[in-house]
Asks: 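To start, I am sharing the structure in question, which I have written as structure tokens.
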Amino acid sequence: MASNQLEPWLLENGSIKVLSKEMRHGRMAHNMSSSSLRKKFELKLVSKVPCSLLRRFLANLQEVIFGTKLSLLFPAIPLAIAAECYGFGRPWIFALSLLGLTPLAERVSFLTEQIAYYTGPTVGGLLNATCGNATEMIIAMFALAQGKIEVVKYSLLGSILSNLLLVLGTSLFCGGIANLGSEQKYDRRQADVNSLLLLLALLCHLLPMLFRYAGASAAALSTADSTLQLSRASSIVMLIAYVAYLVFQLWTHRQLFEAEEEKDENDVSEEAVVIGFWSGFAWLIGMTVVIALLSEYVVQTIEDASDSWGLSVSFLSIILLPIVGNAAEHAGAIIFAFKNKLDITLGVALGSATQVAMFVVPLCVVVAWIMRINMDLNFNLLETSSLALAIIVTAFTLQDGTSHYMKGFVLLLCYLVIGACFFVFKTPLRKY
């Protein structure tokens, strides 16, 4: 085989991993977006360490901890733990935990991509689909275990809104400004599939709310029970639809979701396998444990932060949590919009919103059902209306396959209006 078609990479165990061009093509958009925040490292100093075990650990530490442009936020993790142990102000614990979750979310994406090189594209895609929104999922599970159902609903709704309006809006706006002289185009087929799934999710959210209002004159208990049963049935339908979407995405129509890479053949640092399978798996477990710890801190202190800052829990959950929790993914989407690669940007924003709406939300309803907690899909009038506005406006924005900065500007305005509504109508009045 020709030398320009194979590229060897030295792993921490001393073996050589050879990647062909075919292995580097067809990466999912989420993975390509996360790679935009990584830093390049040379292992010259690490390779001189005599102890092989220490050499492997230092190499992994350099790649996992310091291999991201967000590594400056890692000190927030021990500071949050220290603040919890020594009884510092609970709003400080909340803020430090949010900052610590930002690089962890990006590193989970990096580790799942590294593991995917060993498991193949199908298993890697399933792993990425599961761990793509690990932060939101863990926060939701801890809030659910503590009976804070409203926090679960608000945080997941905020994740969908931020992906559809804030991330996509900022990407289209910045990409349009940076590429004024050229027309920005993208493949409509991927956007159409995600838009249809989001409309299905909207329907499943509307039905319990409409049923609740239609049965308002009936007995409250019977109406609540019927709404809960309808929500559970709708959640099962959504999970089945999401499984079908994974089959569509990873097997039958994979070419629609693959991100083609147009780059110089000598620049392959983003595609290098820099960590072994078992090391990556161990780091992934460790990162998940830390995310779980910080998520517990966030859930425990969000109400104290709300009282201290004068902001409602709904505003913090819908606006602040998604921005901080998905900062790395958001930044990657905007960077690729600057490079006029909107297919990757759409894959990140729409793919993440679809995953939360069709998988994370119904999964929480099913898990709550197992835990004997009554969680339904009725997100109330303002929240459901905001979701409907975001999905419908996004679907209309992406219907023609071209983009300019005005489309992004409109999406950002919608996000600001929704944020203002939650700030005005959900912020508790102070007594003077």
Side-chain angles (χ1 to χ4, degrees), residues 12 28 30-31 33-35 37-38 56-57 60-68 70-71 73-81 84 93-94 96-119 123-146 148 151-152 155-156 159 246 274-302 321-322 324-329 332 351-352 355-356 359-361 363-364 366-367 370-371:
E12 73 272 9
M28 306 309 288
H30 183 279
N31 290 342
S33 174
S34 62
S35 66
L37 293 175
R38 294 176 196 156
R56 295 177 190 177
F57 175 76
N60 289 338
L61 186 69
Q62 181 170 286
E63 292 293 347
V64 176
I65 302 299
F66 300 103
T68 173
L70 300 174
S71 57
L73 297 179
F74 272 114
I77 298 174
L79 289 176
I81 297 175
E84 172 68 20
I93 300 174
F94 178 79
L96 290 172
S97 298
L98 286 182
L99 290 177
L101 286 171
T102 303
L104 289 173
E106 192 274 334
R107 290 289 84 186
V108 166
S109 175
F110 161 74
L111 291 169
T112 53
E113 180 183 355
Q114 292 292 304
I115 295 175
Y117 280 119
Y118 300 92
T119 60
V123 178
L126 290 173
L127 184 63
N128 184 262
T130 305
C131 300
N133 289 281
T135 304
E136 294 95 330
M137 197 180 305
I138 295 174
I139 290 177
M141 292 303 170
F142 272 100
L144 198 59
Q146 298 183 24
K148 298 181 179 180
V151 175
V152 177
S155 62
L156 297 180
S159 181
L246 289 181
V274 296
I275 190 170
F277 174 79
W278 290 111
S279 297
F281 191 71
W283 278 102
L284 182 61
I285 294 176
M287 291 283 183
T288 305
V289 171
V290 178
I291 289 176
L293 179 63
L294 295 183
S295 299
E296 185 178 8
Y297 291 168
V298 168
V299 172
Q300 290 178 347
T301 58
I302 187 171
L321 283 182
V324 176
N326 292 323
E329 188 176 88
S352 183
Q355 185 183 73
V356 174
F359 175 65
V360 181
V361 173
L363 180 65
C364 288
V366 173
V367 171
I370 297 173
M371 299 171 62

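This one's a predicted model, so the numbers in the text were calculated from it and none came from an experiment.
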Asks: At what distance, to the nearest 0.5 angstrom, does CE of M137 lie from OG of S155?
Replies: 11.5 Å
Asks: Could you walk me through whether L246 and Q355 pass the side chain to side chain contact (heavy atoms under 4.5 Å, CB included) test, one step at a time?
Replies: CA-CA 10 Å; L246 289 181; Q355 185 183 73; over 6 Å; no
Asks: Would you say L156 and C364 make side-chain contact, with heavy atoms under 4.5 Å?
Replies: yes
Asks: Minimum heavy-atom separation for Q300 and K148, please, with both atom names.
Replies: CA-NZ, 4.0 Å
Asks: If you compare all heavy atoms of V152 against all heavy atoms of A140, which two are closest, and at what distance to 0.1 Å?
Replies: CG2-O, 3.4 Å
Asks: Determine yes or no for a side-chain-to-main-chain donor-acceptor pair under 3.5 angstrom, with R107 supplying the side chain and V64 the backbone.
Replies: yes
Asks: Between I138 and A292, what is the shortest heavy-atom contact and its length?
Replies: CG2-CA, 3.6 Å
Asks: Which label fits W278 and F281: parallel for a plane angle under 30°, tilted from 30 to 60°, or perpendicular past 60°?
Replies: perpendicular
Asks: Answer whether the closest heavy-atom distance between the side chains of M141 and L363 falls below 4.5 Å.
Replies: yes
Asks: Considering non-hydrogen atoms only, spot the tightest contact between L294 and G100 and give its length.
Replies: CD1-C, 3.8 Å
Asks: With side chains defined as the heavy atoms from C-beta onward, is the minimum distance between L79 and L99 less than 4.5 Å?
Replies: no
Asks: State the CD-CD1 distance between E296 and I93, to the nearest 0.5 angstrom.
Replies: 11.5 Å
Asks: Please answer whether the main-chain N or O of L98 pairs with a side-chain N or O of T102 as donor and acceptor at a distance below 3.5 Å.
Replies: yes
Asks: Minimum heavy-atom separation for V299 and I302, please, with both atom names.
Replies: O-CG2, 3.5 Å
Asks: Quick check: do L293 and I81 have side-chain heavy atoms less than 4.5 Å from each other?
Replies: yes
Asks: What are the two closest non-hydrogen atoms of S159 and V356, and how far apart are they?
Replies: OG-CG2, 3.6 Å
